[in-house]
There are 2 protein chains.
Amino acid sequence: MENQDLRNTGLKVTVPRLKMLECLGKAQDRHLTAEAIYRQLLEAGEEIGLATVYRALTQFEAAGLVTRHHFEGGQAVFELERGPHHDHIVCIHCGRVEEFYDEAIEKRQRAIAKKLGFILRDHTLTMYGECSRPNCQGQNDES
Amino acid sequence: MENQDLRNTGLKVTVPRLKMLECLGKAQDRHLTAEAIYRQLLEAGEEIGLATVYRALTQFEAAGLVTRHHFEGGQAVFELERGPHHDHIVCIHCGRVEEFYDEAIEKRQRAIAKKLGFILRDHTLTMYGECSRPNCQGQNDES
DNA sequence: ACGTTAATGAGAATGATTCTCATTCTATTT
DNA sequence: AAATAGAATGAGAATCATTCTCATTAACGT
Ligand SMILES: [Mn+2]
Ligand SMILES: [Mn+2]
Ligand SMILES: [Zn+2]
Ligand SMILES: [Zn+2]
C-alpha cells in the first residue's frame, strides 16, 4: 500500500502523508488541487495544515509518486502517478479532465525536438474545449 | 504600424501602449515577461507603471494582438501575434525558446478531441529540453 | 480649445505557494 | 521500553506574480 511507496522514497511514514496519498488514490477526480486535498482531509476530521499539504506534494513529486499539472486557472493540480504518461483535455465550462495518450503525437514530438537540436526531457500537452455534458456544449462565453 | 493595430481594437492610442508594442516587435527574444517589457521601457527612459503593462497586455490578448504563454516558472510570457499558430520548445538551462508547427500533431489533436466528445477550443503544447548551446547539453541538474 | 471618458501610475490588495520556527513525531539506538 | 537525533508538522508570516483602487492625466470627437 501507500506505506511502502513512502518508505521507498526515503520519506518518513507519517499520518498526514498517508492520508494525502489515500485521498489522491480514492478520489473520483484523479486531478486535485492542494486545497482540495486539504479540505477533504479537514472534513474527514484529520488535523492537517495547508503548508504540510503543499510541502508533501512537492516531495511526492520529486519522488515520482505524484505529477503536478498547470492547467489554466491559478491552482496547480496533482495526480497520483499510476500507469504510464498521458496528456489531458480539460472542459472550459465544468473543469472535467479526460486523459489520452497518442503515440503518433509522442513520436512527432521526439522528431521535432531532435530536428531543433534539443534533447527532449519533458513535455506538456493540454487541450481545452467543451465537453459533452448538457450544460457545457455551445455555451456563450461571457461569464 | 502599431498605431493602426491599436485603433482597430477600439483601444485608445497612447504612448505606453505604442511603446509596449514597439518593444514586443523589435525584441530579439519574441517571448517576453511583463516585467521584461517594463524594465526595457524604463531603461529606455519611458515613464510607465508595471500595472499599466499588465493591464495593457491583458487587453492586447483579448484583442488578439498578443498571446500569453504559461511556461514553467512563475511568470507568464507574451508574444506579438504575427503569423499563424505554433507551439514551443524551451531550453531548461538557458530559457531559449524555439517555435514549431506540425500539422500531423494538430490533426491528431482534433481527432482525439472529437473522439472524446469535446469541441476543441484551444490547446497548449510545450516541450522542455536541453538546447544545442555549449553550456546547455548534458548538464547535471542540481542548480 | 473643451468636455467626456478612458488610461495611467503608485501603491494596496489578492491568491497561490513557500518559508520560518517552535513543537511534536519517527525511527533507530540503548 | 526509554532515550535520542533528526525529520515532520502546523500556524502564521513572507513572497511573488498579478490585479485592483483611486486620484490625476491624457485622448479624441466636437
Ligand atoms: Mn492525468
Ligand atoms: Mn511563440
Ligand atoms: Zn464540461
Ligand atoms: Zn539552452
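No experiment lies behind these values; they were computed from the predicted model shown. Heavy atoms only: backbone and side chains are in, while hydrogens, waters and symmetry mates are out. Residue numbering restarts at 1 for every chain, and letters A, B, ... go by the order of the sequence lines.
Atom CD of B:Glu47 has 12 or fewer neighbouring heavy atoms from other residues, nucleotides or ligands inside a 6.0 Å radius.
Considering only side-chain atoms of B:Lys12, the nucleotide from C:dT5, D:dT18, C:dT17 that sits closest is C:dT5. For B:Leu11, whose side chain is taken as the heavy atoms from C-beta onward, the closest listed nucleotide among D:dT18, C:dA7, C:dA16 is C:dA7. With D:dA17, C:dA10, D:dG10 as the candidates, the nucleotide lying closest to the side chain of B:Tyr54 is D:dA17. Checking C:dG11, C:dT8, D:dA27 against the side-chain heavy atoms of B:Thr52 singles out C:dT8 as nearest. Closest to the side chain of B:Gln75, from the set D:dG10, C:dG11, D:dA17, is D:dA17. In the set D:dA27, D:dT18, C:dG9, D:dT18 carries the atom at the smallest distance from any side-chain atom of B:Leu50. With distances taken from any side-chain atom of B:Thr14 to the nucleotides D:dT19, D:dA11, D:dA27, the minimum falls on D:dA27. The side chain of A:Thr58 approaches C:dT18 more closely than any other nucleotide in the set C:dG9, C:dA27, C:dT18.
If you check every strand for non-hydrogen atoms under 4.0 Å, B:Arg17 touches sugar and phosphate atoms only. The residue A:Ala76 sits close only to the backbone: its heavy atoms come under 4.0 Å of sugar-phosphate atoms, none of a base.
Nucleotide C:dT20 holds its P atom 12 Å from the CZ atom of A:Arg55, rounded to whole Å. Distance, A:Leu32 CG to C:dT17 P: 13 Å, rounded to whole Å. One atom, NE2 of B:His70, and another, P of C:dT17, lie 13 Å apart when rounded to the nearest Å. At whole-Å resolution of the value, CG in A:Leu18 and P in C:dC25 are 15 Å apart. Atom CD in B:Glu47 sits about 16 Å away from atom P in D:dT24, given to the nearest Å. As a whole-Å value, the separation of A:Gln59 CD from C:dT26 C1' is 14 Å. Atom CD1 in A:Ile48 sits about 18 Å away from atom P in C:dT24, given to the nearest Å. The nearest whole Å value for the distance from the CG atom in A:Leu57 to the P atom in D:dG10 is 13 Å.
Checking side-chain atoms of B:His123 against main-chain N and O of A:Met127 turns up no donor-acceptor pair under 3.5 Å. Checking side-chain atoms of B:Tyr128 against main-chain N and O of B:Glu72 turns up a donor-acceptor pair under 3.5 Å. Under a 3.5 Å cut-off, the side chain of B:Thr52 and the backbone N or O of B:Ile48 do not form any donor-acceptor pair.
B:Tyr38 and B:Leu24 end up in the same hydrophobic cluster when Ile, Leu, Val, Met, Phe, Trp and Tyr side chains are linked at under 4.5 Å.
Each of A:Ala51 and A:Gly10 has a nearest nucleotide on DNA chain D; the 5'-most of these lies closest to A:Gly10. Each of B:Ala34 and B:Arg7 was assigned the nucleotide of DNA chain D with the nearest heavy atom; the assignment lying further toward the 5' end belongs to B:Ala34.
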